[in-house]
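Data block below; observations after.
Chain naming here is simple, since letters A, B, ... match the order of the sequence lines and numbering starts at 1 in each.
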Amino acid sequence: MDRKRPVSSDRRLSRSWPGGCPGFEGMIRFKLKAAVENAVEKAIAAGQLGELKDAPAAVVIEKPRLPEHGDFACGVALKMASAARMSPIKIAEAILDRIEVPARCVARMEVAQPGFINFRLSVGWLEEALREIHQAGADFGRSSSGRGQRVLIEYVSANPTGDLHIGHGRGAVYGSCLANLLKFAGYAVEQEFYLNDTGEQMLTFGRCAWAAYQRRLGKRVDYPEDGYPEDSLARFIEAVVAREKDRWLSLPAEEGQRKLGELTRDTIIEWQKELLARLHIEFDRWYSELSLHERGAVEAVLQRFAESGMSYEAEGALWLKARQLGDERDRVLRKSGGATTYLAADAAYHLDKYERGYDHLITIWGADHHGQVPGLKASVQALGKDPARLEVILTQIVNLQREGQMVRMSKRRGTVVTLAEVMDEVGVDAVRYYLAESNPQNPINFDLELAKQTSRENPAFYIQYAHARCCAILRRALEPRVNSDTGAEEPPTVSQAEWRQWCDLYKSSTEVFAPIFEEDPEIFAHQKNLIMRLQDLPEEVEEAAATRSPGRLARYAFDVANDLQKFYEVCRVITADAAVTRARLGLIVATRQVLANVLGIIGVTAPERM
RNA sequence: GCGCCCGUAGCUCAGUGGAUAGAGCCCCCGCCUUCUAAGCGGGUUGUCGUUGGUUCGAAUCCAACCGGGCGCGCCA
């Protein structure tokens, strides 16, 4: 039943082939899509698709799971069948007859039950893909789909009252990866950390810091019972004492609480900055909540709510009419005691974000804050801003495990495992990879022992190893060789001058890559798989950016590494044949480039040797 | 009770309308005179939480239910 038709050379579109595929810019899937769309149009125009006047379904080129179904497949005939009142097979045949692709690019096209069109690639587009990778270099995979839109991503925003834990780490890594990703996808991204450096909690914190400071210097005073655990402050108090000695000890209580609160808070903030920098996270701005209060922004927002009739007084408190705006209940803006709530400050903060002119706002919170989302949305709406431009992403919990057993964390009992400890134990790259890999809405089980025990097998390491291996091969080709028989030093396989020449060729020529391929079908399959994977990067970036899933790229990097290893296993790169060596080094360098680009996005280092 | 998130192999997770549901870990068996064996190949593993619906076709969409997590009027 299946109709098989080899592509004959007279169906070539491109007269200038090889050397480029005019009219087929972009990735292979896109090139195929365009060819199929074109064929559908022509088939309709020729009246071969029954009563169809226009294409009722978008052409989607997918990757079949089974190798027998080719490298790519298209199910558009199935989607058109009912509208055309024809059998999918007949439609597929009519379309296939009109698909025009260069013979060097597609080896075979066929119609298969129940109406798929399957494609098996030849080498033309693979060579072109490699040339594109070399030409784009560090920019390969970068897209302009963000159209330079300004996006502000706010994340971590941990309270400056203690250590960061693994949950903060997750938000930090996710936010940072998302920022890198959106930049790569063509957005103008800024990253911001919101400091809760004022309010009720800072008063409590000041009392604790003051007590801890006095106690550290030998004074017999009680430590507040319901405050932050003394142990969790000890390290920071130690730093404060080392710097300030006992010069504040004689302050009156109220002054002392304020002063030590500030000193300790600032110590913690500095410490958080350093820790996050170690995780390869740099914020453009640390935005102080206190600064909002100080310049009256919070009061101004309350004023605006009052003027627009969006707030009211009840039970001694000031309320936002959030119910009117889709929330399940109204929200308190100012407590009966007179202090403003977190929501009031957050409304002022988000209003400021809007007024700074961003096209889009992303706020990343831990999932335990999800109850606040409707209130925040309602408040920005009440301020006349479009809540659709504010995207709140919630990151789920991280369960720390050790050998499959949950690590119970209790602040009170001081059994909290800090982010710093996890980083020290399993390494920054592993922490980044494991936290980057999953999607934010899923809880993570992070097993410390597993991450350590399998350090040779862990994905972060495996990907880095693949990158280092590419570097090693290139080094090998460019370094002088030692003759194993005579011990004499011989010139390198590739001279520096040659190499520079080759690098230019990689960017301008597709023929240069032709000698990569072996006739042996098994080896060819590995070569093709690797190149197909590399040329996927732009699509992966698009998809990851659109779904806010940088973790997708972490998994993609693993697949690239895996395909490289399989290729490496069956195929030598440096050979006696200069043309073959040149071609395959081009593939290795392209692979290295793709790995480096992806590792850059997920913030894992790309080592040259391991 | 209400709201949000989740439920896929022993474990950790992909896959969100297409053909026979995939990786890694774990376990077993092979492979180093040759560019990094920190590697590769092979083998085993599934009521896709349950039931019903929509569709030519459902892990994927809809409804109800079950199980887990989180949140729920002046904490942040």
Looking at every strand, decide which applies to [X] at a 4.0 Å heavy-atom threshold: base, sugar-phosphate, or nothing.
X	answer
I444(A)	sugar-phosphate
R329(A)	sugar-phosphate
A472(A)	base
Y568(A)	base
N562(A)	sugar-phosphate
A339(A)	nothing
R331(A)	nothing

Give a yes or no on whether a salt bridge exists between R323(A) and E328(A), defined as a side-chain N under 4.0 angstrom from a carboxylate O. no
Among C13(B), U36(B), G39(B), the one nearest any side-chain atom of N442(A) is C13(B)
By nearest-heavy-atom nucleotide on RNA chain B, the more 5' of T340(A) and Q396(A) is Q396(A)
Do H369(A) and G71(B) have a side chain to base donor-acceptor pair shorter than 3.5 Å? no
Against N159(A), only a single residue in Q272(A), Q201(A), H168(A) fulfils side-chain hydrogen bond (donor to acceptor under 3.5 Å, both in side chains); can you say which? Q201(A)
Taking the P atom of each, how far is G67(B) from C56(B), in whole Å? 35 Å
Sequence-aligned protein contact record of nucleotides 15-22 of chain B, with B where the base is within under 4.0 Å of a protein heavy atom and S where only the sugar-phosphate is: S--BBBSS
